[in-house]
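So you know, we letter chains A, B, ... as the sequences are listed, proteins then strands, and number each from 1.
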Amino acid sequence: MTTNGRSQWDQAEDRELMMAVQKRDASALEALYDRFVPQVLAVCLRILSDRAEAEEVTVDVFHEIWRRADRFDVERAAPRTYLLLVARSRAIDRHRALQRLGRVCQLSTTPEELDGLYDARAKSLGASRFSSELEAHEVRSRVRVAVEALGAEQRRVVELAFFDGLTHSEISHHLDKPLGTIKTQIRRGLQQLRDALDRQGFDEEVS
Amino acid sequence: MRPKSCEEYRELILLGTAGGLDPRLKDELSDHLATDCTGCSEALEEATQLQVALSLGLDPVQPTASVKRRLLTRIGDSVAEEQSEAIPVDPVRLHWRLPASIAAGLALAAGIVIGVVLVGPAEDPATRVDLVAVRAERDALNEEIAELREELEIADEDLAELEAKLPALEAERALLRAPTTISLALHGMGDQPDAIARVFWDEAYSCYLRVENLEAAPDGAEYALWVETTEGGTILAGTFLPEATGDATLWVPLDDGIGTFKRAFVTLEHAEDDAVSPSDPSDTVVLEGLVPEVI
């Protein structure tokens, strides 16, 4: 896992990296980590609201990619998709485990701090990476516009389900609303979100 | 229970996208996906994309440096484990293959949608561990272990040396702290006027000497501490050599009942004397101190 080994992957496609990981090339995994860890950690932090726990889950996620790389089909999905799905799933698992232990903590990183981190990141990037970061920033902006277009209630239930990992029954109890209403709000919210993203041609960017 | 229509299953998929689908419904949905329903499999892929979109709406967060370090350590451990396991990888696992929809359905049943990308190849040589790299890492680790063992042996030797010195140091400390201990200053004589020393002794005749600014003894020679008693006896307490800094210490238990001290002095004794005589100091006195009162 040398510096030379890492630099050879700078221009590689995500799928090439994943294929190299499948061939047990640790330097490729390191390159995947460098490329996607900010987004993986963002998902974990949003769900867990605790920096230390989020970082621990992030390590678990990339370790799982290493251990189970042979089960990933590069023809069927983008590595980024896989990583983010694993990240969300593992973070929710941890969130529930912490809930059982009564150890769910308060948000340790504010949105303003996250913005600051992003700005610092953008400044530190070279020209070649900066354009891809700009694209990622554009994606974030589009998703936010789509999410903010949802009604406040719909957004709340979608976030409770997606980021807090609550079951529909738990959301119903939490918001003191009938289960059917919660399901309807989630369904309609996601449909609106999907329609908004479809209009922006989001599919290609996701995969 | 009435069987659900595909439209109802697609609604379940959409609800499951946000998470929190009840386990019973997950089971039902995965059973349906296992039937290779193309439309519902496509709906699942769309739902997956929607999940990723929600994740991509978040601002990226930079990890602390320790995250990568921890990951690389874990990878190293995994490589070592893989090395210890049978290689190549279990052929059962290599041949494992499920239709996409079944895999996705099973994953959903487990509470995740990751299954949509978990379809393994029929046989992928990439799953074989790179033996050359693993062996190189093993050799490097073995070298590191050998170096650590050497360091450990040296540390053990140092520790044994210190432990051997401990009883004498404790006795010295007890002597220096005892209220009954008497001390006598010795002053440089002859060629060594800058030499200075102090000798301590107690009722049990434990004797401790501390010297500074003493010149190095010539080859084959050594310094000797003597005590003279009021009864007229001259007793050799012990011999010593100073450090390069001119410092020296000597701690010796003397025989009980040797009498009352009236003088202490240090001489330079030469090798040709073969052995320092117990009662015959040389004339080369370099340090001397007289007890002012009879103890």
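- Applying the ring pair (Phe, Tyr, Trp, His ring centres under 6.0 Å) test to residues at least two apart or on different chains, the pairs with a partner in residues 32-64 of chain B are B:Y9-B:H32.
- A donor-acceptor pair under 3.5 Å links the side-chain atoms of A:Q39 to the main chain of B:L58, judged by distance alone.
- For chain B, no part of A:D25 is nearby; none of its heavy atoms comes within less than 4.5 Å.
- Heavy-atom contacts from other residues, nucleotides or ligands closer than 6.0 Å to CZ of B:R74 number more than 12.
- In terms of heavy-atom proximity, A:P38 sits nearest to B:Q62 at CG-NE2, 3.4 Å.
- Taking the side chain as every heavy atom from C-beta outward, A:R46 and B:V61 never approach each other to under 4.5 Å.
- We find that A:R187 and B:E8 are not joined by a salt bridge, their nearest charged nitrogen and carboxylate oxygen being 4.0 Å or further apart.
- Looking only at heavy-atom pairs under 4.5 Å with chain A, the residue among B:G76, B:S66, B:S78 that has the most is B:S78.
- One finds the CH2 atom of A:W66 at 10.5 Å from the CG atom of B:L72 (value rounded to the nearest 0.5 Å).
- The side-chain heavy atoms of A:D34 and B:K68, taken from C-beta on, include a pair separated by under 4.5 Å.
- Only the side chain of A:V147 has a heavy atom closer than 4.5 Å to any heavy atom of chain B.
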(request) Would you please test B:V67 and A:Y33 for side chain to side chain contact (heavy atoms under 4.5 Å, CB included) and show each step? (result) CA-CA 10 Å; B:V67 178; A:Y33 172 93; 3.4 Å; yes
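- Rounding to the nearest 0.5 angstrom, the gap separating the CZ atom in B:R70 from the NE2 atom in A:H63 is 13.5 Å.
- Contact count versus chain B (heavy atoms, under 4.5 Å) is highest, among A:A54, A:A69, A:C44, A:A42, for A:A42.
- For B:E243, the CD atom counts as loosely surrounded, since its 6.0 Å shell holds 12 or fewer non-hydrogen atoms of other residues, nucleotides or ligands.
- No part of A:E170 comes within reach of chain B, as not one of its non-hydrogen atoms sits under 4.5 angstrom from that chain.
- Closest heavy-atom contact between A:L29 and B:L71: CD2-CD2, 4.4 Å.
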